[in-house]
Engineer: 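Let me give you the structure first, and then I'll get to my questions.
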Amino acid sequence: MNKVLINDTTLRDGEQAAGVAFTLEEKVAIAKFLDNIGVPELEVGIPAMGEEEMRAICAISHLGLNANLLAWNRAVMSDIKASIACGMKRVHIAIPVSGIQIAAKFHGQWRISLQRLKDCISFAVDQGLWVAVGGEDSSRADENFLLDVALYAQEWGASRFRFCDTVGVLDPFTTYGKVKLLVSALSIPVEIHTHNDFGMATANALAGIKAGAASVNTTVIGLGERAGNAALEEVVMAIKRIYGVDMGIDTPRLLELSQLVATASGANVPPWKAIVGENTFAHESGIHAHGVLQNPDTYEPFAPEEVGWERRLVLGKHSGRHLISNLLEQHGIFLNAEEIQSVLDAVRQQSVKKKSSLTVQELLNLVKEQRYSHAAR
Ligand SMILES: CC(=O)SCCNC(=O)CCNC(=O)[C@H](O)C(C)(C)COP(=O)(O)OP(=O)(O)OC[C@H]1O[C@@H](n2cnc3c(N)ncnc32)[C@H](O)[C@@H]1OP(=O)(O)O
Ligand SMILES: O=C(O)CCC(=O)C(=O)O
């Protein structure tokens with residue numbers, strides 16, 4: 001696999017999630033954390049949003065982080081000037097490239113949109129800035145037009161081109177083909193930006209990387225517009241564990257990072273969310289718990305500690321005898337097969353009644369009750 005960099009956009013596309021609004025302090029804390037765990041590039045926000053956002057971006061630019069910082073801009077001169085005022089040395093300039101977007105934003109006048117892009121790139125380059133260009137809605141754009149825009153951007157001085165699946169309509173196979181075409185034609189690196197409208201943001205990000213994208217946009221917990229973006233923790237762990245490439249990210253801190261971003265965004269992370277959901281290393285089913293007790297590799301793709309979790313063996317409706325006797329033996333209680341089965345029956349009943357799992361204390365109480373009722377017979 002080619003070398004790939006993370007350009008995390010939690011502070012830009014992540015914050016665009018409906019209802020999410022970070023404070024300056026939260027933005028600074030998230031930027032520091034991402035930098036601290038080794039994320040090499042951060043898209044920190046949109047200076048054109050106004051003074052408050054500019055203050056946050058300025059504050060981040062003064063932190064002295066190792067990560068390269070990037071501000072997002074439209075192909076609008078005042079946007080670029082606002083980025084410069086925030087102390088940005090790198091700017092990203094977005095331009096719509098699909099017919100549907102150009103019709104809505106530039107009344108179909110693509111020549112005007114290209115002229116604006118050219119003017120903005122030239123201005124930014126003249127100011128000594130490093131410039132990246134984003135093809136908004138690349139996935140629905142005419143492929144020849146997209147290629148022309150990317151080649152022009154390169155000619156005008158852009159140092160990277162972002163392929164955006166803005167409304168998340170691609171699958172990994174089409175993503176691969178479209179990104180490959182760009183990568184083959186351009187001499188500047190291509191970045192992949194994916195959305196999760198059909199639940200394929202991470203898969204599409206990986207397909208883009210396989211096709212030669214040199215950098216990938218992510219957001220923590222997949223936060224972002226509508227159904228969100230490719231999740232940082234998923235992309236990093238998939239690249240590490242599926243492709244065997246360590247990107248130098250301090251993965252045991254991914255869980256803590258996800259909690260920081262979830263709190264700042266007021267989001268509830270679903271328990272089954274890949275990598276950082278609380279169930280990702282919880283085993284209840286009898287067959288799974290039995291396997292994990294022998295060897296955790298039977299039902300875990302990697303060790304929980306690698307992403308900050310501890311393994312949990314949970315008692316519930318689907319549990320089996322092996323887990324029950326294992327837990328009881330840890331408390332010095334040794335039951336025969338018949339007794340274990342009757343405790344298991346009681347665990348199942350109670351779990352259905354509670355509609356949740358049981359704590360170890362509840363298990364011990366059940367054993368006590370079973371013993372009394374047995375003695376009373
Ligand atoms: C796919 C993406 O995620 S794109 C990023 C989306 N993020 C955001 O919109 C969040 C931040 N946005 C904002 O704060 C505001 O939209 C601002 C400050 C950028 C602009 O605000 P407003 O002047 O009030 O305009 P409004 O948001 O209503 O409309 C967007 C304007 O930008 C134009 N525009 C949109 N994309 C681009 C672009 N890439 N290049 C140039 N102009 C663009 C639209 O055509 C429209 O222009 P108009 O005012 O001349 O009709
Ligand atoms: O950078 C761009 O061009 C747009 C990025 C974006 O958020 C998108 O297209 O979904």
Side-chain angles (χ1 to χ4, degrees), residues 7-22 27 41-54 56-57 70-83 86 90-98 100-121 123-124 131-141 146 149-150 153 158 160-170 175 178-179 182 190-197 200-201 204-205 208 213 215-219 222-230:
N7 174 9
D8 187 86
T9 181
T10 305
L11 297 173
R12 199 277 298 172
D13 205 329
E15 199 192 18
Q16 285 175 206
V20 173
F22 298 139
K27 285 197 94 148
E41 187 170 6
L42 308 178
E43 188 166 67
V44 291
I46 307 175
M49 283 170 65
E51 270 180 34
E52 183 111 8
E53 183 69 357
M54 286 176 75
I57 294 170
L70 200 69
W72 191 94
N73 303 270
R74 296 169 297 171
V76 171
M77 209 60 93
S78 57
D79 285 26
I80 316 290
K81 288 179 180 160
S83 288
C86 292
R90 295 160 75 96
V91 287
H92 178 89
I93 305 173
I95 193 77
V97 288
S98 67
I100 190 167
Q101 296 270 347
I102 295 171
K105 295 177 185 178
F106 287 95
H107 311 292
Q109 295 173 312
W110 57 269
R111 281 193 188 82
I112 293 182
S113 76
L114 281 185
Q115 188 58 49
R116 294 242 189 109
L117 179 64
K118 184 181 183 191
D119 294 345
C120 285
I121 297 175
F123 174 72
V131 179
V133 166
E136 195 189 342
D137 210 12
S138 298
S139 46
R140 292 190 297 180
L146 173 65
V149 175
R160 185 170 67 200
F161 187 83
R162 176 183 289 176
F163 176 97
C164 303
D165 184 15
T166 301
V167 283
V169 292
L170 297 185
T175 304
K178 285 174 185 288
V179 173
L182 273 184
V190 173
E191 179 167 84
I192 177 81
H193 177 100
T194 57
H195 277 276
N196 209 31
D197 298 71
M200 284 187 276
N204 288 342
S215 74
V216 55
N217 285 154
T218 60
T219 61
L223 199 65
E225 286 281 356
R226 305 179 311 281
N229 291 73

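In each ligand, atom 1 is the first atom listed, and ligand 1 is the first ligand listed.
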Engineer: Regarding ligand 1, does Glu225 bring an N or O atom to under 3.5 Å of one of the ligand's N or O atoms?
Structural biologist: no
Engineer: Does atom 24 (O) of ligand 1 have a protein non-hydrogen atom under 4.0 Å from it?
Structural biologist: no
Engineer: Between atom CD1 of Ile93 and atom CD1 of Ile121, what is the distance when rounded to the nearest 0.5 Å?
Structural biologist: 5.5 Å
Engineer: For atom 1 (C) of ligand 1, grab the closest protein heavy atom and report residue, atom and distance to one decimal in Å.
Structural biologist: Glu136 OE2, 3.3 Å
Engineer: Under 4.0 angstrom from atom 51 (O) of ligand 1, is there any protein heavy atom?
Structural biologist: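 Answer no: nothing from the protein, no heavy atom, is under 4.0 Å.
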Engineer: Output the list of atoms in ligand 1 that are nearer than 4.0 Å to some heavy atom of Ala75, sorted by atom number.
Structural biologist: 38 (C), 40 (N), 41 (C)
Engineer: Can you tell me how far apart CG (Leu70) and OG (Ser83) are? Round to the nearest 0.5 Å.
Structural biologist: 8.5 Å
Engineer: Quick one: which ligand 1 atoms are inside 4.0 Å of a heavy atom on Phe106?
Structural biologist: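 Once the distances to Phe106 are compared, the set is 41 (C).
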Engineer: Residue-level breakdown please: for Arg12 versus ligand 1, do any non-hydrogen atoms fall below 4.0 Å on the side chain, on the backbone, on both, or on neither?
Structural biologist: side chain
Engineer: Report yes if Val76 has an N/O atom closer than 3.5 Å to an N/O atom of ligand 1; otherwise report no.
Structural biologist: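 Between Val76 and ligand 1 (N or O atoms, distance only) the closest approach is not under 3.5 Å.
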Engineer: Tell me whether atom 29 (O) of ligand 1 lies less than 4.0 Å from at least one protein heavy-atom position.
Structural biologist: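 Protein heavy atom within 4.0 Å of atom 29 (O) of ligand 1: absent.
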Engineer: For residues 10-19, tabulate all N or O donor-acceptor pairs below 3.5 Å that involve a side-chain atom, not counting sequence neighbours.
Structural biologist:
{"from": "Thr10", "atom 1": "OG1", "to": "Asp8", "atom 2": "OD1", "distance (Å)": "3.3"}
{"from": "Thr10", "atom 1": "OG1", "to": "Asp8", "atom 2": "OD2", "distance (Å)": "2.5"}
{"from": "Thr10", "atom 1": "OG1", "to": "Val220", "atom 2": "N", "distance (Å)": "2.9"}
{"from": "Arg12", "atom 1": "NE", "to": "Glu43", "atom 2": "OE1", "distance (Å)": "2.9"}
{"from": "Arg12", "atom 1": "NH1", "to": "Gln16", "atom 2": "OE1", "distance (Å)": "2.8"}
{"from": "Arg12", "atom 1": "NH2", "to": "Glu43", "atom 2": "OE1", "distance (Å)": "3.3"}
{"from": "Asp13", "atom 1": "OD1", "to": "Glu225", "atom 2": "N", "distance (Å)": "3.3"}
{"from": "Asp13", "atom 1": "OD2", "to": "His193", "atom 2": "NE2", "distance (Å)": "3.0"}
{"from": "Asp13", "atom 1": "OD2", "to": "His195", "atom 2": "NE2", "distance (Å)": "3.1"}
{"from": "Asp13", "atom 1": "OD2", "to": "Asn229", "atom 2": "ND2", "distance (Å)": "3.3"}
{"from": "Glu15", "atom 1": "OE1", "to": "Lys27", "atom 2": "NZ", "distance (Å)": "3.4"}
{"from": "Glu15", "atom 1": "OE2", "to": "Phe22", "atom 2": "N", "distance (Å)": "2.7"}
{"from": "Gln16", "atom 1": "NE2", "to": "Glu225", "atom 2": "OE2", "distance (Å)": "2.8"}

Engineer: Do you know which two heavy atoms are closest between Ala48 and Arg74, and how far apart they sit?
Structural biologist: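 Looking at all heavy atoms of both residues, the shortest contact is CB-NH2, 4.5 Å.
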Engineer: Measure the shortest side-chain to side-chain distance between Trp110 and Val149 over non-hydrogen atoms and say whether it is less than 4.5 angstrom.
Structural biologist: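 Result no, sub-4.5 Å side-chain heavy-atom pair not found.
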Engineer: Between the side chains of Asn7 and Ser215, does any donor sit under 3.5 Å from an acceptor?
Structural biologist: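 Short answer, no.
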Engineer: Taking the non-hydrogen atoms of Arg116, is any one of them nearer than 4.0 angstrom to ligand 1?
Structural biologist: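 In this structure, Arg116 fails to qualify as a contact of ligand 1 - no heavy atom is under 4.0 Å.
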Engineer: Which of the listed options, Lys105, Gln101, Gln16, holds the heavy atom that is closest to atom 3 (O) of ligand 1?
Structural biologist: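 Among Lys105, Gln101, Gln16, the closest heavy atom to atom 3 (O) of ligand 1 comes from Gln16.
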Engineer: Please tabulate protein-ligand N/O pairs under 3.5 Å for ligand 2, atom names and distances to 0.1 Å.
Structural biologist:
{"from": "ligand 2", "atom 1": "1 (O)", "to": "Trp72", "atom 2": "NE1", "distance (Å)": "3.0"}
{"from": "ligand 2", "atom 1": "1 (O)", "to": "His92", "atom 2": "NE2", "distance (Å)": "2.7"}
{"from": "ligand 2", "atom 1": "1 (O)", "to": "Arg162", "atom 2": "NH1", "distance (Å)": "2.9"}
{"from": "ligand 2", "atom 1": "3 (O)", "to": "Gly134", "atom 2": "O", "distance (Å)": "3.4"}
{"from": "ligand 2", "atom 1": "7 (O)", "to": "Arg12", "atom 2": "NH1", "distance (Å)": "3.2"}
{"from": "ligand 2", "atom 1": "7 (O)", "to": "Arg12", "atom 2": "NH2", "distance (Å)": "2.9"}
{"from": "ligand 2", "atom 1": "7 (O)", "to": "Asp13", "atom 2": "OD2", "distance (Å)": "2.9"}
{"from": "ligand 2", "atom 1": "7 (O)", "to": "His193", "atom 2": "NE2", "distance (Å)": "3.1"}
{"from": "ligand 2", "atom 1": "9 (O)", "to": "Thr166", "atom 2": "OG1", "distance (Å)": "2.6"}
{"from": "ligand 2", "atom 1": "10 (O)", "to": "His193", "atom 2": "NE2", "distance (Å)": "3.1"}
{"from": "ligand 2", "atom 1": "10 (O)", "to": "His195", "atom 2": "NE2", "distance (Å)": "2.9"}

Engineer: Applying side-chain contact (heavy atoms from CB on, under 4.5 Å) between Arg162 and each of Val133, Asn217, Ile192, report the one that passes.
Structural biologist: Asn217
Engineer: Examine distances only and state if a side-chain atom of Asn196 and a backbone atom of Gly228 form a donor-acceptor pair shorter than 3.5 Å.
Structural biologist: no
Engineer: What's the shortest heavy-atom distance between Val169 and Asp165, and which atoms?
Structural biologist: N-OD1, 3.0 Å
Engineer: Considering only protein heavy atoms, which is closest to atom 43 (C) of ligand 1, and at what distance to one decimal place?
Structural biologist: Arg74 CD, 3.6 Å
Engineer: Within 4.0 Å of atom 6 (C) of ligand 1 (strictly less), any protein heavy atom?
Structural biologist: yes
Engineer: If only atom types and distance count, is the side chain of Asn204 paired as donor or acceptor with the main-chain N or O of Gly208 below 3.5 Å?
Structural biologist: no
Engineer: Look at atom 18 (C) of ligand 1 and say which protein heavy atom is nearest, naming residue and atom and giving the distance to 0.1 Å.
Structural biologist: Ala48 O, 3.5 Å
Engineer: Give the minimum heavy-atom separation between Ala205 and Thr194, together with the two atoms involved.
Structural biologist: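 It is N-CG2, 3.7 Å.
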Engineer: What I'd like to find out is whether the side chain of Leu146 reaches to under 4.5 Å of the side chain of Phe161, using heavy atoms alone.
Structural biologist: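 Counting from C-beta outward, Leu146 and Phe161 do come under 4.5 Å.
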Engineer: Considering the heavy atoms of Ala94, write down every atom of ligand 1 situated less than 4.0 Å from one of them.
Structural biologist: 38 (C), 39 (N), 40 (N)
Engineer: Can you check atom 14 (O) of ligand 1: any protein non-hydrogen atom closer than 4.0 Å?
Structural biologist: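 Yes, there is one.
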Engineer: Under 4.0 Å from atom 32 (O) of ligand 1, is there at least one protein heavy atom?
Structural biologist: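 At least one protein heavy atom is under 4.0 Å away.
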Engineer: Any atoms of ligand 1 less than 4.0 Å from a non-hydrogen atom of Pro96? List them with their elements.
Structural biologist: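 What qualifies from ligand 1 is 39 (N).
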Engineer: Distance under 4.0 Å to a non-hydrogen atom of Trp72: what atoms of ligand 1 satisfy this?
Structural biologist: 4 (S), 5 (C)
Engineer: Please give me the minimum heavy-atom distance between Val97 and Gly135, naming the atom from each residue.
Structural biologist: CG2-C, 3.8 Å
Engineer: List every atom of ligand 1 that sits less than 4.0 Å from any heavy atom of Ile46, numbering the atoms from 1 in the order shown and giving each element.
Structural biologist: 7 (N), 10 (C), 11 (C)
Engineer: If you compare all heavy atoms of Pro96 against all heavy atoms of Gln101, which two are closest, and at what distance to 0.1 Å?
Structural biologist: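 Taking Pro96 first and Gln101 second, the nearest heavy atoms are CB-CB, 3.5 Å.
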Engineer: What heavy-atom pair brings Val167 and Arg226 nearest, and what distance separates the two atoms?
Structural biologist: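 Looking at all heavy atoms of both residues, the shortest contact is CA-NH2, 3.3 Å.
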Engineer: Measuring from atom NZ of Lys178 to atom CG of Leu170, what distance do you get when rounded to the nearest 0.5 angstrom?
Structural biologist: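 Rounded to the nearest 0.5 Å, the NZ-CG separation comes to 6.5 Å.
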Engineer: At a 4.0 Å threshold, what atoms of ligand 1 neighbour a non-hydrogen atom of Met49?
Structural biologist: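 Here the atoms of ligand 1 in question are 11 (C), 13 (C), 14 (O).
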